[in-house]
Amino acid sequence: MQMVSFAAWRDGGGPHPGRRPAGRHYVTLAELLVRLGSYGLGLRWKARMVDERHPAFARMVQASADTDTGIPTLELLAMEAPHLQAVDGDFEGYAGGELVLTFREFDSSSWDVRTADAWVLGEIQRHYPDARPMTADEWDGTN
């Protein structure tokens, strides 16, 4: 598995230039899921959060725990939580029961991504050019 990390807060108008005033925006889980395109549609998700400050996160965590296979991507996107700012959470993407991707939100300041899929890493680095490689020790340190 390879890992990268990038800032959760971005300068500029966000993923839809021209639709919001220039400034800073937070990269949400929903934005990351959309960046995966058709690759992400086949995944099912499990969520774990250290601090479920908003009831929507508690509902998402419970929904992902209620099933052995996780929440399909489109169902996850239809929930409220992926569109909110997360604090310290792991969002694990499974394909055919195998863990293939983890998005880790760390302290509302960064997103860490772990996957063996080179295409996913390339997409993350294309959309978030500040993404830098992480070591296994750094990954473990954000848990």
Side-chain angles (χ1 to χ4, degrees), residues 1-67 69-95 98-143:
M1 293 275 198
Q2 295 181 4
M3 297 150 288
V4 297
S5 181
F6 63 92
W9 286 94
R10 317 301 293 176
D11 292 328
H16 308 290
R19 289 195 181 168
R20 2 182 137 147
R24 294 179 54 81
H25 86 278
Y26 175 78
V27 176
T28 62
L29 177 61
E31 181 178 332
L32 294 174
L33 295 173
V34 169
R35 298 286 190 209
L36 294 176
S38 61
Y39 174 89
L41 289 177
L43 300 181
R44 299 181 72 88
W45 296 89
K46 294 191 177 198
R48 287 180 294 136
M49 302 204 58
V50 173
D51 187 359
E52 300 164 11
R53 292 177 189 227
H54 194 286
F57 286 114
R59 289 190 296 272
M60 179 181 62
V61 168
Q62 185 60 49
S64 73
D66 286 346
T67 174
T69 58
I71 305 168
T73 299
L74 290 177
E75 285 183 33
L76 183 59
L77 281 168
M79 297 176 125
E80 181 181 11
H83 303 275
L84 301 173
Q85 179 180 340
V87 178
D88 295 333
D90 277 2
F91 306 94
E92 298 175 332
Y94 292 82
E98 178 184 348
L99 178 62
V100 295
L101 172 63
T102 302
F103 289 128
R104 175 175 287 163
E105 202 294 338
F106 179 67
D107 197 30
S108 282
S109 62
S110 67
W111 280 101
D112 303 335
V113 181
R114 180 175 62 183
T115 185
D117 192 295
W119 181 86
V120 171
L121 287 174
E123 283 299 291
I124 294 297
Q125 291 169 324
R126 183 168 72 89
H127 291 289
Y128 309 104
D130 63 316
R132 63 164 186 78
M134 295 179 75
T135 65
D137 287 341
E138 288 175 310
W139 176 269
D140 292 342
T142 63
N143 190 9

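Counting only distance, with no hydrogens or angles, the side chain of Glu105 and the backbone of Asp88 share a donor-acceptor pair below 3.5 Å. With hydrogens and angles ignored, the 3.5 Å screen pairs a side-chain donor or acceptor of Glu138 with a backbone N or O of Thr135. Checking side-chain atoms of Ser110 against main-chain N and O of Asp107 turns up no donor-acceptor pair under 3.5 Å. A donor-acceptor pair under 3.5 Å is formed between the side chain of His83 and the backbone N or O of Leu77. Counting only distance, with no hydrogens or angles, the side chain of Arg104 and the backbone of Trp139 share a donor-acceptor pair below 3.5 Å.
Phe57 is not listed as a side-chain neighbour of Met79, based on a closest heavy-atom distance of 4.5 Å or more. Contact of the Glu123 side chain with the Leu36 side chain is not registered, since no non-hydrogen atoms from C-beta on lie closer than 4.5 Å. By the 4.5 Å heavy-atom criterion applied to side chains, Arg48 and Glu92 are counted as neighbours. Taking the side chain as every heavy atom from C-beta outward, His127 and Glu31 never approach each other to under 4.5 Å.
Closest non-hydrogen pair, Trp119 versus Tyr39, comes out as CZ3-CB, 3.7 Å. Residues Leu43 and Ala95 approach most closely at CD2-CB, 3.8 Å, considering heavy atoms. Across all non-hydrogen atoms, the minimal contact from Ser108 to Ala8 is O-CB, 4.2 Å. Of all the heavy atoms in Thr115 and Val100, the pair that sits closest is OG1-O, 2.7 Å. For Ile124 against Ala131, the heavy-atom pair with the smallest separation is CG2-CB, 4.3 Å. Listed here is the closest heavy atom pair of Ser5 and Asp112: OG-OD1, 2.6 Å.
Trp45 and Phe103 have parallel rings, their planes meeting at less than 30° on a 0 to 90° scale where 60° marks the start of perpendicular. Between Tyr26 and Trp111, the ring-plane angle classifies as tilted under the 30° and 60° cut-offs.
In summary, of the residues considered (Thr67, Thr69, Thr73), a side chain to side chain donor-acceptor pair (under 3.5 Å) with Arg44 occurs for Thr69 alone.
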The test is side chain to side chain contact (heavy atoms under 4.5 Å, CB included); show your working for Leu76 and Leu29 and say whether it passes. CA-CA 10 Å; Leu76 183 59; Leu29 177 61; 4.3 Å; yes
Test side chain to side chain contact (heavy atoms under 4.5 Å, CB included) on Leu99 and Arg114 and set out the steps. CA-CA 10 Å; Leu99 178 62; Arg114 180 175 62 183; 4.3 Å; yes
Apply side chain to side chain contact (heavy atoms under 4.5 Å, CB included) to the pair Leu101 and Asp117, showing each step before the final yes or no. CA-CA 8 Å; Leu101 172 63; Asp117 192 295; over 6 Å; no
